[in-house]
Amino acid sequence: MELFFLKKIKNIFTRQDGILALLLVFILFKGIVWGWNIPLFTLSDEVTHFTYIHYLSEYKELPRSADTPTKLEKSSAELRKNLKSLQVYKTPLSLEHTDFAASADANPVSFNDFLNNANLRANWSFNYPPLYYVLMSIFYTLGKNLNFDIISIAYLIRFCAIFFLIITIIFSYKIAFILTNDRLFALIICSIISLMASMSAVFSSINNDVALIAFSHIVLYLVYRIFYSSSQNVNRLIILASFAFLAAILSKPQAIIFIPLMIGALIYNWLKNKKIRTNAAMNILVIGSIILVTILIMPNGFLSNFFKIDFRSIDGGGGIMTILKNDLLRRFTLMFDFFIQIWLFHSDQSVWIFSSLSVLILFSTMGIILFCYNFFKKRDFYSANVKALLLCAIPIITLEILYTFLYFREAIINKAYDFPGQGRYYFIVLTPLLVIFVYGLQYLFELLRLPRRALYFILIIFFAFLNSYFFINIILPSAYL
């Protein structure tokens, strides 16, 4: 009996599961170290997100009332007074980011601006859905009740991002495994995620992106489960996916891309299992309710402003060429910013980083092109790898359609050419992107008859070295030198 019990335990907890558990412990430790050593309010938009959290904690209401500007003035003044003791002299950001704003922009561009200019406001973040801020305001209130000072409360909220990173890692493993049925491949994917310098930076910050990324990975996993599952499990999965989607859309609007993905996975499951009549009514009702709730929770005028565009703003053919040129430049920059967040390092240190990443991206692209060539040559439409890569590509393409629209909208209306210009905006589909990236490299290794474990070793060593390089040469000097 005891031997049987031990065998059951061994079957449940495989070697890969043990490595995953160790990886989660490593992530917890690394998250604390990174979050503690990066100077406060020097990462993307931290001060604006923290102001939202501070406002919710102080007034116990969403910033939607007519007297919100007055309350914000009082709240911001108190926050500035409490934060005056914190001086930021060195940061891991570029000088451009920390220079005092010379324009009449109403949004703070740095922590020092926020402290020293009473006319600056942080209320643009109030347009975001409130879930992340409500959750973090609970920890703000907890820290306040424990007599934490404002600095300690800010660090406490930063450390909460580690919880969202752990969720992301767990579901990235599940996504990669359900797509490939390969535990080692799935482990490599979540190991790369844990070692990416860009992920370390994002999940060391006060930012609603962390909640969006975590909940989006839950939605993606459940969507893939719907795609692969039998008809008996679909009702339970669609309900779980709907709740996960609500959490994601209440964190940030980009989660709207999951509506067509959920509907598409559901229709495919109906057709595959020939149960379209029996399950259609209930599932359509659930998805319809989710869409209705999504519309209701958005701030007034959000959707109309979101899709507003005016082609009359284009300044002739020169304006069109400027838009297209900057779009290409944005996409080129994104390839690198996805892995490292370019503004984290100085230009004189970047040559070898760009060179190494360029080689990996080039080889991965070559692998995917060769895979597609052989696929069309053999016409193996039912291959598991083809299906997995297609399922990875669909959410990426859906997100890219949304972002391309938003880029042209901003370029036409506001003459702004940098959104979405940061790799973190694509972390909503982080795991599908990395699955394609690693599989392209693996396919090239297979054609060259090189062992895939050699590739895995190279990738882990490279990203571990890159992560350590950023921390030792950039993060630590910004905190202590």
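Hydrogens, waters and symmetry mates play no part in the numbers below; they use all other heavy atoms, side chains included.
- Atom CH2 of W352 sits about 8.5 Å away from atom CG of L357, to the nearest 0.5 Å.
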Check: Where do F427 and L433 land on the side-chain contact (heavy atoms from CB on, under 4.5 Å) test, with the steps shown first?
Finding: CA-CA 9 Å; F427 287 171; L433 278 166; over 6 Å; no
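- Ring-centre distance between Y52 and Y132: not below the 6.0 Å cut-off.
- Nearest heavy-atom pair across P395 and P432 is CG-CG, 4.3 Å.
- Judged by distance alone, the side chain of T404 and the main-chain N or O of I401 form no donor-acceptor pair under 3.5 Å.
- No side-chain heavy atom of I428 sits less than 4.5 Å from a side-chain heavy atom of K252.
- Within a 6.0 Å sphere centred on CZ of F163, heavy atoms belonging to other residues, nucleotides or ligands number 12 at most.
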Next item on the list: Go through L459 and L455 one step at a time and tell me if the side-chain contact (heavy atoms from CB on, under 4.5 Å) criterion holds.
Entry: CA-CA 6 Å; L459 289 174; L455 168 66; 4.0 Å; yes
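- Put simply, CG on L434 and OG on S172 are 8.5 Å apart, with the number rounded to the nearest 0.5 Å.
- Between Y155 and W36, the angle of the ring planes lies from 30° to 60°, which puts this pair in the tilted group.
- Here the shortest heavy-atom pairing between I436 and A393 reads CD1-N, 4.2 Å.
- Taking every heavy atom of both residues into account, I178 and Y228 meet most closely at O-CE1, 3.8 Å.
- When side chains are defined from C-beta on, N467 counts as touching W34, because their heavy atoms get closer than 4.5 Å.
- Of the possible polar contacts, none joining the S251 side chain to the N208 backbone as a donor-acceptor pair under 3.5 Å is found.
- Side-chain contact between Q422 and D209 is absent, with no heavy-atom pair separated by less than 4.5 Å.
- For the pair S242/M262, a side-chain contact is recorded, criterion being any heavy-atom separation below 4.5 Å from C-beta on.
- Enclosure of atom CZ in F457 is not indicated, since only 12 or fewer non-hydrogen atoms of other residues, nucleotides or ligands lie within 6.0 angstrom.
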Note to self: Show, in sequence, the C-alpha distance, side-chain angles and deciding distance for F437 and F339, and conclude whether the ring-ring contact (aromatic ring centres under 6.0 Å, His included) test is met.
What the structure shows: CA-CA 12 Å; F437 170 73; F339 289 104; 5.2 Å; yes
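- Shown here is K174, whose NZ atom has no more than 12 heavy atoms of other residues, nucleotides or ligands within 6.0 Å.
- Taking 4.5 Å as the limit, every side-chain heavy atom of I27 sits out of range of all side-chain heavy atoms of F203.
- Rounding to the nearest 0.5 Å gives a distance of 9.0 Å between CD1 of I188 and CZ of F185.
- The shortest distance between side-chain heavy atoms of I170 and L24 falls below 4.5 Å.
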Margin query: Walk me through whether F371 and Y439 qualify under ring-ring contact (aromatic ring centres under 6.0 Å, His included).
Written below: CA-CA 10 Å; F371 174 84; Y439 185 78; 5.5 Å; yes
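- By the 4.5 Å heavy-atom criterion applied to side chains, H217 and I167 are not counted as neighbours.
- T431 approaches A176 most closely through the heavy-atom pair CG2-N, 4.3 Å.
- In this structure, F139 has no ring-ring contact (aromatic ring centres under 6.0 Å, His included) partners at least two apart in sequence or on a different chain.
- Shown here for S364 and L441, the closest heavy-atom pair between the two residues is N-CD2, 3.5 Å.
- In this structure, the side chains of L399 and Y426 come closer than 4.5 Å at one or more pairs of heavy atoms.
- Residue I169 comes nearest to C190 through the heavy atom pair CD1-O, 3.6 Å, listed as atom of the first residue, atom of the second, then distance.
- Legend: residues meeting ring-ring contact (aromatic ring centres under 6.0 Å, His included) with F332, ordered by chain and number and at least two apart, are F336.
- Of the inter-residue distances, the one linking L261 atom CG with Y224 atom OH reads 8.0 Å to the nearest 0.5 angstrom.
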